[in-house]
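Only one structure is covered here, and it is reproduced in the block below.
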Amino acid sequence: MPQPSNGCDALNPMALTVHKYGGTSMGSTERIRNVAKRVAKWARAGHQMVVVPSAMSGETNRLLGLAKELSPERSSPELMRELDLIAATGEQVSVGLLAIALQAEGVQSVSYAGWQVPIKTDSAFTKARIQSIDDQRVRADLAAGKVVVITGFQGVDELDNITTLGRGGSDTSAVAVAAALKADECLIYTDVDGVYTTDPRIVPEARRLHTISFEEMLEMASLGSKVLQIRSVEFAGKYRVPLRVLSSFTPWDIDIVEEAKSGTLITFEEDEKMEQAVVSGIAFNRDEAKISLIGVPDKPGIAFQILGPVADANIDVDVIIQNVSHDGKTDFSFTVHRNDYARTMDLLKSAVIPKTGAATLSGDTKICKVSIVGIGMRSHVGVASKMFSTLSDEGINIQMITTSEIKTSVVIDEKYMELAVRALHKAFDLEQAPA
Ligand code: ASP
Ligand code: MG
C-alpha cells in the first residue's frame with residue numbers, strides 16, 4: 001500500500017495516533033462537535049485514536065481567578081495543592097464532553113482523568129513533572145475499538161493528590177501519552193497552522209516552516225516562541241516522538257491525507273536540513289529583567305556568592321555577563337524573569353551586597369531578548385556578526401549577548417524589539433523558502 005512520504009501513516013490502518021486539541025478548539029459545544037467529527041474521520045480511516053484535549057478556552061483562567069478572589073496568596077504549598085485540584089477540573093469537563101460528542105457521532109469512546117490512567121507525577125504542585133504513565137487500561141480500550149480521551153495538564157502524585165503540569169501543560173501530556181503508547185505520530189492541533197519563522201503578528205511576511213529540527217524547536221520554545229510548551233518538546237526529543245503542529249481551523253472533513261501532511265513536522269533527521277537556511281527562525285521574549293551590580297570585588301567565588309542565594313530562592317537566571325576588572329573591581333549583570341525581579345532585587349539588597357560589597361545596584365525591566373536560531377549556524381561562520389551589523393544599521397544598542405551552538409541572543413531595549421525582529425527577518429531572507 002502506498003504511504004504518504006512526509007506525513008504520518010494516514011493510510012496505514014491500525015496506526016496509533018494521538019491528537020491534542022487546545023482550548024480554542026474546545027471553546028464551545030459547537031467546536032467540540034467539530035473536534036469529534038474530525039477524530040471520528042481518523043478513527044473510521046482505521047487509526048487507533050487517543051485524544052488529549054485542553055480545558056475550554058478561558059476556563060483555566062476563570063478557575064484560578066476564583067481562587068485569587070478568595071486569597072491573594074500565590075505560593076504556599078497548601079494553596080498550590082488546592083489550585084491544582086481546582087484548575088484540573090477544566091480538563092475533566094473537556095474529556096467528558098468530547099467522549100459524549102464522539103458517542104453522538106456513533107464512535108465508541110471513553111474518557112479518563114489523569115488519576116484513572118494513571119498518569120503519575122511528582123508532587124511539585126502547579127509545575128509537576130510526569131514520572132510514569134500506565135498504558136494497560138488505554139491499550140485494552142484501543143483493542144476494543146474505542147477512542148480514548150485523556151485529560152491534558154493533570155496527573156496524580158504518589159499520595160493521590162491531583163497535580164498539574166504548569167500552564168500550557170496539555171502539550172506535554174499529549175506527547176507523554178504518545179511516548180508511553182509508542183504512537184506513530186502525535187498531532188498538536190492549535191490556533192496557528194504551524195511553526196513560523198517568527199510571529200506573523202510582528203512580521204507579516206513570516207513563513208510557515210514545513211519542517212523544523214527538534215533541536216531548533218527546543219531553542220525556539222525556550223527562547224519565547226509560545227507554540228509548544230517547552231517540556232513537550234523535551235519529551236518528544238527524549239522519546240523521539242514524531243510531532244506535528246497543525247491548524248484546528250481547517251474544515252473537519254478535509255482530505256485526511258492532505259491533513260496528515262499539513263502544518264509543521266518536528267523532525268529528527270538533520271541531514272536534509274543542512275542544505276537549507278542557516279537561520280530557521282527568530283524568537284523574542286519580553287518577560288525578562290536585567291540586574292547589574294557595579295563595582296563588586298573581582299575575586300574567586302564572587303559569581304557563586306551573588307548567584308548562589310538567587311538559585312537557593314528558586315529563581316532562574318538566564319543571561320549572565322561579567323566584565324573584565326579594573327582596579328580589582330568588576331561589573332556583574334544577569335537577567336531573571338520579570339515576575340522574579342522585585343524578589344531578586346530585595347534578596348541582593350538584604351543578603352548579597354552586605355556580604356560581597358558593590359558600589360551600585362541597578363535594574364531595568366524594559367528590556368527584551370531577541371534570538372536567531374538555526375542548526376545551520378554550526379557549519380557557517382559570520383552568522384552572529386551579521387546579526388550585530390543588522391542591529392547596528394538600525395541604530396539598536398546591544399546590552400548583552402549570549403550564544404550557543406545553534407543560537408545567538410541579544411538583550412536590547414524593549415522599545416526596539418519589533419524593529420529588531422523585522423530587520424533580522426529580512427537580513428536572513430526568512431520570507432523566502434530556502435532553495
Ligand atoms: N488548560 C491549561 C492551561 O490553560 C493547560 C493547557 O491548556 O495546556 O494552561
Ligand atoms: Mg497551548
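Whatever order the structure lists them in is the order used to number ligands and atoms, beginning at 1.
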Notebook entry, point to check: Heavy-atom contact under 4.0 Å between G169 and ligand 1?
Noted result: yes
Check: For ligand 1, is there an N or O atom under 3.5 Å from any N or O atom of S54?
Finding: yes
Next item on the list: Could you check L66 against I86 for side chain to side chain contact (heavy atoms under 4.5 Å, CB included), going step by step and ending with a plain yes or no?
Entry: CA-CA 9 Å; L66 293 174; I86 296 162; 6.0 Å; no
Check: What part of E91, side chain from CB on, backbone N/CA/C/O, both or neither, has a heavy atom under 4.0 Å from ligand 1?
Finding: side chain
Note to self: List ligand 1 atoms under 4.0 Å from S170, heavy atoms only on the residue side.
What the structure shows: 5 (C), 6 (C), 7 (O), 8 (O)
Checklist line | N or O contact, G168 vs ligand 1, cut-off under 3.5 Å | finding: yes
Notebook entry, point to check: For R167 and ligand 1, does the shortest N/O to N/O distance drop below 3.5 Å?
Noted result: yes
Notebook entry, point to check: Is it true that E91 and K20 make a salt bridge, defined as a side-chain N closer than 4.0 Å to a carboxylate O?
Noted result: no
Notebook entry, point to check: Would you say the side-chain atoms of E219 and S404 include a donor-acceptor pair closer than 3.5 Å?
Noted result: yes
Next item on the list: Ignoring hydrogens and angles, tell me if any N or O in the side chain of Q229 forms a donor-acceptor pair with the backbone of S170 under 3.5 Å.
Entry: no
Margin query: Between T121 and T163, do the side chains contain a donor N or O and an acceptor N or O under 3.5 Å apart?
Written below: yes
